2 protein chains.
Amino acid sequence: MTNPVGASTTLAEFIAASRIEDVPEKVRHEAKRSLLNFFAVALAGATDPVIESAVATLAPFAGAPTSTVIGRSARTDALGAAFLNAISANVFDYDDTHPGTVIHPTAPVAPALFALAETRPLRGADLIHAFILGAEAECRIGNAVSPGHYARGWHITATCGVFGAAVAVAKILGLDARRVRDALGNAASQSCGLVEALGTGAKSLGVGNAARGGLVAALGAAHGIGGPARPLEGIRGFATVTADDPDFGKITDGLGESWEFARNTYKPYPSGVVLHPVTDACLILRRQDGFDVSRIRAILATGHPLLRQRTDRPDVRTGREAQVSLQHTVAAALIDGAAGLAQYSDARVNDPVVKALGAKVGVRDDPFMPVEAARLAITLEDGRVLETLVETAFGSETNPLSDADIEAKLRVLAKQVTGIDAEALIGAVWSLDRAADAGALMAHARP
Amino acid sequence: MTNPVGASTTLAEFIAASRIEDVPEKVRHEAKRSLLNFFAVALAGATDPVIESAVATLAPFAGAPTSTVIGRSARTDALGAAFLNAISANVFDYDDTHPGTVIHPTAPVAPALFALAETRPLRGADLIHAFILGAEAECRIGNAVSPGHYARGWHITATCGVFGAAVAVAKILGLDARRVRDALGNAASQSCGLVEALGTGAKSLGVGNAARGGLVAALGAAHGIGGPARPLEGIRGFATVTADDPDFGKITDGLGESWEFARNTYKPYPSGVVLHPVTDACLILRRQDGFDVSRIRAILATGHPLLRQRTDRPDVRTGREAQVSLQHTVAAALIDGAAGLAQYSDARVNDPVVKALGAKVGVRDDPFMPVEAARLAITLEDGRVLETLVETAFGSETNPLSDADIEAKLRVLAKQVTGIDAEALIGAVWSLDRAADAGALMAHARP
């Protein structure tokens, strides 16, 4: 035992002691990038039918309407708003991704904080600080249980997200280390979410509960609901129960020095991340001299075996399914010259022209190619072959979206909701660290 | 694959098709016994500090006060009431127990139903029917994942309870088989609770969420939130992920013919069930000729090794810890001639006289003795030995509490809350199957 105190206590002590001045400027900037991306995808997701269903499910039980439901005019109580906004942000899996764990860090954490911020005075800088600490705890706990946790079937964004939300809210509430650990314990009692549910509305309940449960965990700790001494590392604790061989050093080593959350990445396309290098390749090839989409004989994508295993789906029928279909993604990207939400509508998926081109797409494994790379070869009817290799997909850790790219993503996705002033929202996020009232930002996230 | 349809679909079809006339009278009677016991333990638990903390945590977010919080005058919204009443019923682990799985079946299921019953017209017979189906599903799913599930560290009352609540509410809502399966899927996304949290307030969050999550699961399914086709048996489904070698036949075999829920048992004492035969032995021995509590030299308890492993705790300080202490339980039972809530108060635990007698208690393993048996030998100062063997503990499946015993338990525990008319509540439970308005019963469960 290298850590007789226990990872939970060490983490809680770090959270309780952290000051915003201790957080590097680069990490604080990443937080604002994550929040920009959060509002972008939550505005896009807010029109999804699952949100309508979730709103209708909770409506008869809703409390004081203090907090914004992103993209909707009617507000609801803070627990409900946290639940619904986490769902919106993650419903398309278009949100941010922490490399390695595949956690979407922001969806469970930011909604809990903003929902609470609309119920009490809270400075923007304090919200950003709490957000960073929550996301950092979430990613580190995810590292400790990876890769076995997700492989076993745990939807890691939901299961680890509740710890992130709990830590973030605990920091906002100013809990001491003992109570932060209680919040972790209360989160452990509420951690849930299965990979089996991906692609269905049930997935959203897990992600929504991660945000809501984090609020309950920390508020409960503040009200005296206590947890076990070792909620993460105990013999029946979260990591021990849900991982194969948890590495608790991943939670505690270098706390405050290295920042896992700073590795956060943002998707340029609303599709499975393994499809991103292929999508890049399509957009590159269609600009090459001699490209003619009407004269394609065959298309061959070569990539890491995961590309074939996860996305070789020739016969998809819905936009949601098409988000993990190589055939649809390649066809739509080559025809439209784009890979946005419009390319993943049910109508686009069932367009005969797209289907016909998709039928010409093949896939080949290259076990030596990294996941973020892909090769695409298009054979034209006259025998010519257009070919390109993408070494690092746009949006990956080494080829990240710029600040301007994320702003542009928000501008496009905000159009899903009539009456959103994207520029005002963008400005409010960039200046959040100077805002006296963090909750005021949410006025820009509803019509 | 003996069941190509899948256990989830088979279970859902059974639930959707079940009629109350198909349920044997014995099972319907067991339901009323379980509900009597539920109100008894929930009234006792309602004064626990964790309830005060949970009420305070949820209060700022509470919706329309439609539903009774057992033992309290102020009502709250149905989701909150389900959450709080499940906690009250289970906080002392004094609630019912399903043999084999160690599930406490009623705490997650009944609160969801009664909370809903106060929001809409609902016949008592329909509530009882839904309760039986929910508890049956919960126990069967528990059987399918036992014993590995609990042994790994899953708090099975919470993790399986959410399925029970979801099924029960789905039946009340009249969902078809497809939607019942969606409710199971929505429950799978919310299933949580760790053994590590036992003995702390965090445990209660898991049990409370089982009731609340079941309501959300079924109401969500009714509103169109759908789940995967195989939420229980899928390759990343609940049972596959959380059990060692799930047996899906335990879910589907003999549905409607054999009733797991009919095996339900009720505790005569608010302590770990493994302590019950020892407690019986104490109450028997102190009535023997020549017994003199002031002249005891030594006490030896002999039992299944679990008795020693789970309860050999000489130095406990709180009533909660004492519930699993052999030393305290034996001392208090021999001195007081009782083993009720009064014997598990912090004050009683720290009484020097009780502590002194507890110091004389030893324990020995008998690997051939079943868990529900125990031998107790008391050596007096004059050398005489008083000895007794309890073959089946009071309250176990083969030595059950009578209807009158359960009524008596309710009469005693109802005294924890001033202003409860225990006779009216007992009468309302026994006649619930003839009640036109199931929710009206709850008026007897609040001051």
Side-chain angles (χ1 to χ4, degrees), chain A residues 49-50 52-54 56-58 60-64 66 77-80 119 152-155 158 182 185-206 209 213 215-217 219-220 222-228 230-231 234-238 240-241, chain B residues 49-50 52-54 56-58 60-64 66 77-80 119 152-155 158 182 185-206 209 213 215-217 219-220 222-228 230-231 234-238 240-241:
Chain A
V50 78
E52 293 293 340
S53 296
T57 300
L58 292 185
F61 318 108
T66 56
D77 65 82
L79 296 182
T119 70
R152 277 195 194 180
W154 292 109
H155 185 215
D182 284 341
N186 293 339
S189 280
Q190 302 181 85
S191 174
C192 58
L194 294 169
V195 172
E196 189 77 16
L198 298 191
T200 77
K203 174 199 79 164
S204 292
L205 297 181
N209 278 337
L215 269 169
V216 172
L219 292 167
H223 280 102
I225 301 178
R230 296 171 175 266
I235 194 165
R236 296 287 177 263
F238 167 76
T240 314
V241 170
Chain B
V50 78
E52 293 294 339
S53 296
T57 301
L58 292 186
F61 318 108
T66 57
D77 65 83
L79 296 182
T119 69
R152 276 194 196 183
W154 292 110
H155 186 215
D182 284 341
N186 292 340
S189 281
Q190 301 181 86
S191 174
C192 58
L194 294 169
V195 172
E196 188 77 16
L198 297 191
T200 76
K203 176 199 79 165
S204 292
L205 298 180
N209 278 336
L215 269 169
V216 171
L219 292 166
H223 280 103
I225 300 178
R230 295 170 175 267
I235 193 164
R236 296 286 179 264
F238 167 76
T240 315
V241 170

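If you're wondering where the values come from, they're calculated on a predicted model, not measured in any experiment. Residue numbering restarts at 1 for every chain, and letters A, B, ... go by the order of the sequence lines.
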Closest heavy-atom contact between A/G153 and B/R236? CA-CD, 3.1 Å
Which distance, rounded to the nearest 0.5 Å, do you find between the CD of A/Q190 and the CG of B/L205? 5.0 Å
Among A/G206, A/G234, A/A217, A/A54, which residue forms the greatest number of heavy-atom pairs with chain B at distances under 4.5 Å? A/G234
Counting heavy-atom pairs under 4.5 Å to chain B, which of A/A197, A/G193, A/G201, A/G226 comes out on top? A/G226
Could you grab the distance from atom CD of B/E196 to atom OG1 of A/T240, nearest 0.5 Å is fine? 7.5 Å
With rounding to the nearest 0.5 Å, note down the distance linking CG in A/L58 to CG in B/L79. 7.0 Å
First locate atom CG of B/L215, then atom OG1 of A/T57, and finally report the distance between them rounded to the nearest 0.5 Å. 11.0 Å
How long is the gap from CG on B/L198 to OG on A/S189, to the nearest 0.5 Å? 8.5 Å
Side chain, backbone, both or neither: which part of B/A62 has a non-hydrogen atom closer than 4.5 Å to chain A? backbone
Search all heavy atoms of A/S191 against all heavy atoms of B/C192 and return the closest pair with its distance. O-CB, 3.2 Å
Among the options A/D77, A/V50, A/L194, A/D182, pick out the one with the most heavy-atom pairs lying under 4.5 Å from chain B. A/L194
Between B/I225 and A/S53, which heavy-atom pair has the shortest distance, and what is it? CG1-CB, 3.5 Å
Closest heavy-atom pair, B/P228 versus A/T200, reported as atoms and distance to 0.1 Å, is N-CG2, 3.7 Å
If we define contacts as heavy-atom pairs under 4.5 Å, which of B/P60, B/G237, B/G213 has the most with chain A? B/G237
Of all of B/A56, B/A187, B/G224, which one pairs up most often with chain A through heavy atoms under 4.5 Å apart? B/A56
Measure the OG-CG distance between B/S204 and A/N186 for me, rounded to the nearest 0.5 Å. 9.5 Å
